[in-house]
Amino acid sequence: SRVWAEPCLLSCAVKKLGGSVERWLGVAEDLFGEYLWGRCDIVFLPPSFPIVAMENPCLTFIIASILESSEFLLIDVIHEIAHGWFGNAVTNATWEEMWLSEGLATYAQRRITTEAYGEGGASVLINRFFQNHGFTLGHLSSGEAFTCLETVVRLDALHRQLRLLGDSNPVSKLQVKFEP
């Protein structure tokens, strides 16, 4: 795999990943079979990229601000790798069934992380993320901890993106109205 980024970010991105992509791919192949796409390159994009990450066969796009958190980077890259099997090789029939792709990729991401770091190692990574962000989990199973982590990580990413877009951007003004 290769890492692509602006020159000012490239060495940081390469250092943070530290050859882990190949390791995670190997674990995923042991669990789910051969990776069909050959390459698994990662492109770190400017913060203006409208989503945290988007996988494609051979190439994953990730916003550069994810480099600020090693734990978030790890979880998100593994999640995008999981889409190589669940989302790219096997996918939903329509956008209405997108939850299948995300649900299966999340399941695979948890399996890959636990296999790569062990039950205790995955929990340590998750607890470290929470401690770095001022939270404590107590004694949760790794499954419960993953659910908490994914919720907080995605919420943190949403808040970060809204700050980058600013208050005047139409996306920042989206509202949901609940009716009885």
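If you read the sequence from its start, that first residue is 1, and numbering goes on from there.
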ask   = Any donor-acceptor pair under 3.5 Å linking the side chain of Thr113 with the backbone of Arg110?
value = no

request  = With the side chain counted from C-beta on, respond yes when Met54 and Thr60 share a heavy-atom pair under 4.5 Å apart, and no when they do not.
outcome  = no

ask   = What distance separates Leu67 CG from Leu73 CG, expressed to the nearest 0.5 Å?
value = 6.0 Å

Side-chain heavy-atom pair Glu102, His83 within 4.5 angstrom cut-off = yes

What side-chain donor-acceptor pairs closer than 3.5 Å can you find for residues 23-33, not counting sequence neighbours?
residue	atom	partner	partner atom	Å
Arg23	NH2	Ala116	O	2.4
Trp24	NE1	Tyr117	OH	3.1
Glu29	OE2	Tyr35	N	2.9

query = What's the spacing between Phe86 CZ and Ile81 CD1 if we round to 0.5 Å?
reply = 13.5 Å

ask   = How far apart are the closest heavy atoms of Ala82 and Gln109, and which atoms are they?
value = CB-N, 3.9 Å

message = Can you list everything that forms a side chain to side chain contact (heavy atoms under 4.5 Å, CB included) with Val90? Sequence neighbours excluded, please.
response = none

key: Joint hydrophobic cluster, Leu10 plus Val21, side-chain heavy atoms closer than 4.5 Å   = yes

request  = Starting at OG1 of Thr106, measure out to CZ of Arg111 and round the result to the nearest 0.5 Å.
outcome  = 14.0 Å

message = Check for me, please, whether Tyr107 and Leu74 land in the same ILVMFWY cluster - side-chain distances under 4.5 Å, paths through other members count.
response = no

ask   = Atom CD in Glu68, atom SG in Cys12: separation rounded to 0.5 Å?
value = 9.5 Å

query = Hey, are the side chains of Leu45 and Ile62 touching, using non-hydrogen atoms and a 4.5 Å cut-off?
reply = no

task = Supply the atom-to-atom distance Ile51 CD1 to Ile63 CD1, rounded to the nearest 0.5 angstrom.
result = 9.5 Å

query = Does Glu6 have any side chain to side chain contact (heavy atoms under 4.5 Å, CB included) partners at least two apart in sequence or in another chain, and if so, which?
reply = Cys8, Leu9, Pro46

Could you list the donor-acceptor pairs under 3.5 angstrom formed between side-chain atoms of residues 36-44 and any protein atom two or more places apart in sequence or on another chain?
residue	atom	partner	partner atom	Å
Trp37	NE1	Gly84	O	3.0
Arg39	NE	Asp41	OD2	3.2
Arg39	NH2	Asp41	OD2	2.9
Asp41	OD1	Arg2	N	2.8
Asp41	OD2	Trp4	NE1	3.3

